[in-house]
*Asks:* 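One structure coming up, written as structure tokens, with questions to follow.
As the structure lists them, so they are numbered: ligands from 1, and atoms in each ligand from 1.
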Amino acid sequence: MLKVSVIGTGNVAKHLYNAFLNVETVEIVQVVGRNKKALSSFGIEEKTTSDFSEIKDAADIYLIAVSDSAIPAVSQKLESKSGLVAHTSGASSIEMLSKHKAYGVFYPLQTFSKDQEIDFRKVPVCIEGSTKSNMTKLKRLGSEISESVHKVDSEQRQALHLSAVFVNNFTNHLFYIGNKICEENQLPFDLLQPLIEETVQKLKNTTPFDAQTGPARRGDQETLNSHIEQLGNLQDKEIYNLLSQSIQSTYGKKL
Ligand SMILES: NC(=O)c1ccc[n+]([C@@H]2O[C@H](COP(=O)([O-])OP(=O)(O)OC[C@H]3O[C@@H](n4cnc5c(N)ncnc54)[C@H](OP(=O)(O)O)[C@@H]3O)[C@@H](O)[C@H]2O)c1
């Protein structure tokens, strides 16, 4: 049985907690967070505390799932603990926790929102440990909740996180702009749902390079000009131009 305490009450903390709850081989010692309302939503009053001085020295692993900027301050509160301390951040180095005897990273590569259900068994968990035995411990914890656990060092993880920003955050922002254009023209965004699904589905059988279609790839200058004209917002025009230029330089054409 692995004993785990989760520090934080946000999106990742909640999904990790639910994943641990689903397996009999992990025992949750405590959930710790400064937000009392969020803590109460875990429904385990006896195992939660908002007082960081009450963190029990009883866990094998402490998972810090707080905002990146708060990791140093929160990890200080765990300096006297004998268990392994790991953060869940894609963008932060393992060395942020180097004051601890045993430390590491437990980064779940997925986009988590509190009310959006996720099958954690399919979430890749990227782990890094300060020693071989810490790596083994984190691998064991990861394997209890996911079928996809990977050793990834800090430099690779930061690259993975950067890549994830492009494929998820930026793509989602483009969905937002697409939705805005639909709303302005009294069109349901749902009409685009099959296209969105096919865009992602296609990547299972082909590379992003080969999957690209559209006016920029075809070099269809008339359509590109007409789209720029249709866009009312200067920033949207800039995004359209920049992405079109990037596509054209990728395929060896000039705008
Ligand atoms: N969301 C994702 O998709 C995702 C995916 C993989 C990894 N991660 C990583 O997981 C970590 C948590 O992300 P999240 O999405 O769960 O964030 P979140 O939903 O915004 O939750 C952040 C948590 O940190 C707490 N917090 C912030 N500042 C604090 C401080 N100074 N002292 C104590 N607690 C503090 C917040 O408490 P309050 O409620 O009181 O503000 C909240 O419990 C981050 O390192 C993030 O990079 C996120």
*Asks:* Strictly inside 4.0 angstrom of atom 17 (O) of ligand 1, do you find any protein heavy atom?
*Replies:* no

*Asks:* Starting from atom 27 (C) of ligand 1, what is the nearest protein heavy atom, named by residue and atom, and what distance separates them?
*Replies:* Ser67 OG, 3.2 Å

*Asks:* Can you tell me how far the OG1 atom of Thr206 sits from the CD atom of Gln201, to the nearest 0.5 Å?
*Replies:* 13.0 Å

*Asks:* Going by salt bridge (Lys or Arg N to Asp or Glu O under 4.0 Å), name the residues that satisfy it together with Arg34, two or more places apart in sequence or in a different chain.
*Replies:* none

*Asks:* Looking only at protein heavy atoms, identify the closest one to atom 15 (O) of ligand 1 and say how far it is in Å.
*Replies:* Asn11 ND2, 3.6 Å

*Asks:* Would you mind checking which non-hydrogen protein atom is closest to atom 21 (O) of ligand 1, with the distance to 0.1 Å?
*Replies:* Gly10 CA, 3.4 Å

*Asks:* Going by the order shown, which atoms of ligand 1 are within less than 4.0 Å of some heavy atom of Val74?
*Replies:* 32 (N), 33 (C)

*Asks:* So, regarding Ile71 and ligand 1 (criterion: nitrogen or oxygen to nitrogen or oxygen, under 3.5 Å), is there a contact or not?
*Replies:* no

*Asks:* Would you call Ala38 a ligand 1 contact, heavy-atom distance under 4.0 Å?
*Replies:* no

*Asks:* Any idea which protein heavy atom is nearest atom 6 (C) of ligand 1, and the distance to it?
*Replies:* Pro108 O, 3.2 Å

*Asks:* Would you call Lys151-Glu128 a salt bridge at under 4.0 Å N-O?
*Replies:* no

*Asks:* Within the structure, is a non-hydrogen atom of Ala65 found at a distance of less than 4.0 Å from ligand 1?
*Replies:* yes

*Asks:* Quick one: do the Ser82 and Asp57 side chains pair a donor with an acceptor below 3.5 Å?
*Replies:* yes

*Asks:* Mind checking whether Phe20 and Phe120 have ring centres under 6.0 Å apart?
*Replies:* no

*Asks:* Measure the distance from atom 40 (O) of ligand 1 to every protein heavy atom, then report the residue, atom name and distance (to 0.1 Å) of the closest one.
*Replies:* Arg34 NE, 2.8 Å

*Asks:* Do the ring centers of Tyr240 and His227 come within less than 6.0 Å of each other?
*Replies:* yes

*Asks:* Could you tell me if Arg157 and Ser154 have a donor-acceptor pair between their side chains, going purely by distance under 3.5 Å?
*Replies:* yes

*Asks:* To check your reading of the model: name the closest protein heavy atom to atom 1 (N) of ligand 1, its residue, and the distance in Å.
*Replies:* Phe112 O, 3.4 Å

*Asks:* Would you check if the distance from the ring center of Tyr176 to the ring center of His173 is below 6.0 Å?
*Replies:* yes

*Asks:* As an exercise, identify every atom of ligand 1 less than 4.0 angstrom from a heavy atom of Thr9.
*Replies:* 43 (O)

*Asks:* Backbone or side chain, does any N or O of Thr111 fall under 3.5 Å from an N or O of ligand 1?
*Replies:* no

*Asks:* Considering heavy atoms of the protein only, find what lies nearest to atom 4 (C) of ligand 1 and give residue, atom and distance to 0.1 Å.
*Replies:* Val12 CG2, 3.4 Å

*Asks:* Counting only heavy atoms not in Phe209, do more than 12 fall under 6.0 Å of its CZ?
*Replies:* yes

*Asks:* Do any N/O atoms on Val66 end up under 3.5 angstrom from N/O atoms on ligand 1?
*Replies:* yes

*Asks:* Tell me whether the guanidinium CZ or amine NZ of Lys14 lies under 6.0 angstrom from the six-membered ring centre of Phe42 and within 45° of its axis.
*Replies:* yes

*Asks:* Ligand 1 versus His87, non-hydrogen atoms closer than 4.0 Å: side chain, backbone, both, neither?
*Replies:* neither

